[in-house]
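Before any comments, here is the structure.
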Amino acid sequence: MGSQALRADLLMLVTALIWGSAFVAQRQGMDAIGPFLYTGLRFALATLVLLPFVLRRPADAPKPPLHRGILLGGLAMGLALSLGINLQQVGLLFTSVTNSGFITGLYVIVVPLLGLLIGQRTGLGTWLGASLAVVGMFLLSVGEHFQVASGDWIQLAGAFVWGVHVLLVGFFARRHDPLRLALLQFATCAVVSLLLAVCFEDIQASAIRAATPAILYGGLLGVAVGFTLQVIAQKHAIASHAAIILSLEAVFAAIAGALVLGESLHLRGYVGCALMFGGMLLAQLWPKKALPLPA
């Protein structure tokens with residue numbers, strides 16, 4: 001079990017690195033095409049890439065490739081993913097890669113808070129971490145005249161959706177084949193996003209060609225590799241380790257934004273990022289009370 005947990009942690013670290021760097025591709029992709037079209041194309045590409053691996057099903061597999069449980073899981077994960085990724089994508093139009101990465105990372109606190117709705121107890125560490133993160137977000141996002149960029153509000157809404165998505169992945173990945181789940185959620189997201197693009201965006205072949213490098217990076221690495229690794233890793237991941245490691249996505253996004261896009265923050269913003277990241281870690285590392293043993 002120890003080797004499985006270590007492997008899951010390493011996969012999560014790679015996932016965080018890929019996701020953090022993919023924020024840059026997500027931002028650059030919209031220089032030529034709209035957010036829904038970019039999302040739809042990169043998830044369609046990821047679906048095509050993953051399909052051959054899913055079709056190579058072992059002959060002795062006990063269940064059919066698609067059954068009601070896995071279809072329900074893939075659809076639920078895909079709808080949450082569609083909402084979360086498109087909120088993130090639209091939000092990037094109105095805020096920086098650095099802000100997006102850190103605000104999205106708040107899902108590691110959102111997850112236990114959402115757990116309250118399903119009867120899970122939330123400890124002192126989560127509340128302290130959430131408080132630190134709120135102060136940090138205030139410093140990062142609220143300007144001198146107490147104005148918040150519209151993109152930051154959108155990213156915050158997305159963080160709650162990502163929290164739901166993490167809970168759904170954790171639930172279904174332990175019950176069904178991770179690769180088939182990943183394929184189904186990719187296909188669902190691709191269809192939803194492309195339908196939104198057809199309804200709301202101007203689609204031109206020349207613009208798609210201009211956005212091809214960002215689509216390839218976002219589709220092949222950000223989605224096909226990154227989101228597939230997440231589903232595989234969460235099958236065996238220790239929850240606290242997974243949340244801490246995935247939250248490094250915010251740090252990698254800030255580094256990528258600085259190196260590729262030349263983004264920088266004032267001291268106030270960096271202090272906010274540090275408090276947010278500290279809050280994420282505190283929420284996960286705070287000692288948990290041991291449950292009483294049954295009599």
Side-chain angles (χ1 to χ4, degrees), residues 8-31 35 38-39 42-43 46 81 84-111 133 136-137 140-141 151-152 154-156 158-159 161-163 165-166 169 182 213-234 237 241-265 269-270 272-281 283-284:
D9 286 354
L10 291 174
L11 290 178
M12 288 288 186
L13 180 60
V14 174
T15 300
L17 174 61
I18 291 172
W19 282 355
S21 62
F23 272 97
V24 173
Q26 288 177 241
R27 182 66 193 86
Q28 292 178 327
M30 293 186 296
D31 289 342
Y38 175 75
T39 298
R42 74 183 183 117
F43 274 88
L81 179 61
I85 200 70
N86 281 305
L87 282 172
Q88 185 183 86
Q89 198 67 42
V90 172
L92 274 167
L93 289 171
F94 307 106
T95 191
S96 68
V97 164
T98 301
N99 284 36
S100 297
F102 275 91
I103 296 171
T104 297
L106 289 176
Y107 66 80
V108 301
I109 292 174
V110 169
V111 169
M137 186 179 168
L140 175 66
S141 302
D152 287 354
I154 295 172
Q155 298 295 355
L156 182 60
V161 179
W162 287 124
H165 182 255
V166 169
V169 172
I215 294 170
L216 290 174
Y217 188 92
L220 297 177
L221 278 179
V223 179
V225 176
F227 279 100
T228 302
L229 287 182
Q230 180 208 5
V231 178
I232 292 173
Q234 278 199 248
H241 290 187
I244 294 167
I245 295 170
L246 283 176
S247 68
L248 289 172
E249 169 191 9
V251 178
F252 290 129
I255 294 172
L259 292 177
V260 181
L261 301 177
E263 290 185 358
S264 61
L265 297 172
Y270 285 116
C273 289
L275 288 176
M276 290 173 70
F277 190 60
M280 295 174 198
L281 294 181
Q284 297 301 324

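Tyr38 places a side-chain N or O within 3.5 Å of a backbone atom of Ala214 that can act as its donor or acceptor partner. Under a 3.5 Å cut-off, the side chain of Ser21 and the backbone N or O of Ile18 do form a donor-acceptor pair.
Contact record, Gly218 with Ala25: N-CB, 4.4 Å, taken as the closest heavy-atom pair. Counting all heavy atoms, side chain and backbone alike, Ala224 lies closest to Ala46 at N-CB, 3.7 Å. Closest heavy-atom contact between Ala253 and Gly101: CB-CA, 4.0 Å.
Distance check, rounded to the nearest 0.5 Å: CD1 of Ile232 to OG1 of Thr15 gives 9.0 Å. Here the CZ-CG distance, from Phe23 to Asn99, works out to 11.0 Å after rounding to the nearest 0.5 Å. The distance from the CH2 atom of Trp19 to the OG1 atom of Thr104 is 10.5 Å, given to the nearest 0.5 Å. Distance check, rounded to the nearest 0.5 Å: CD of Gln26 to CD1 of Ile85 gives 5.0 Å. Between atom OG of residue Ser100 and atom CD1 of residue Ile154 there is a gap of 9.5 Å, rounded to the nearest 0.5 Å. Note that the CG atom of Leu221 and the CG atom of Leu17 stand 9.5 Å from one another [nearest 0.5 Å].
The aromatic rings of Phe102 and Phe277 stand perpendicular to each other, their planes meeting at an angle above 60°, with 30° marking the opposite boundary. Between His165 and Phe227, the ring-plane angle classifies as perpendicular under the 30° and 60° cut-offs.
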query = Going through the distances and angles, do Asp152 and Phe94 end up as a side-chain contact (heavy atoms from CB on, under 4.5 Å)?
reply = CA-CA 8 Å; Asp152 287 354; Phe94 307 106; over 6 Å; no

message = Checking Val110 against Trp162 for the side-chain contact (heavy atoms from CB on, under 4.5 Å) test, could you report, in this order, the C-alpha distance in whole Å, the side-chain angles of both residues, the deciding distance, and whether it holds?
response = CA-CA 8 Å; Val110 169; Trp162 287 124; over 6 Å; no

task = Please assess Gln230 against Val166 for the test side-chain contact (heavy atoms from CB on, under 4.5 Å), listing each intermediate value before the final yes or no.
result = CA-CA 9 Å; Gln230 180 208 5; Val166 169; 4.3 Å; yes

key: side-chain contact (heavy atoms from CB on, under 4.5 Å) assessment of Val260 paired with Arg27   = CA-CA 11 Å; Val260 181; Arg27 182 66 193 86; over 6 Å; no

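Using a 4.5 Å cut-off on side-chain heavy atoms (C-beta onward), Thr39 and Gln88 make no contact. Counting only heavy atoms from C-beta outward, the side chains of Leu92 and Gln155 approach each other to under 4.5 Å.
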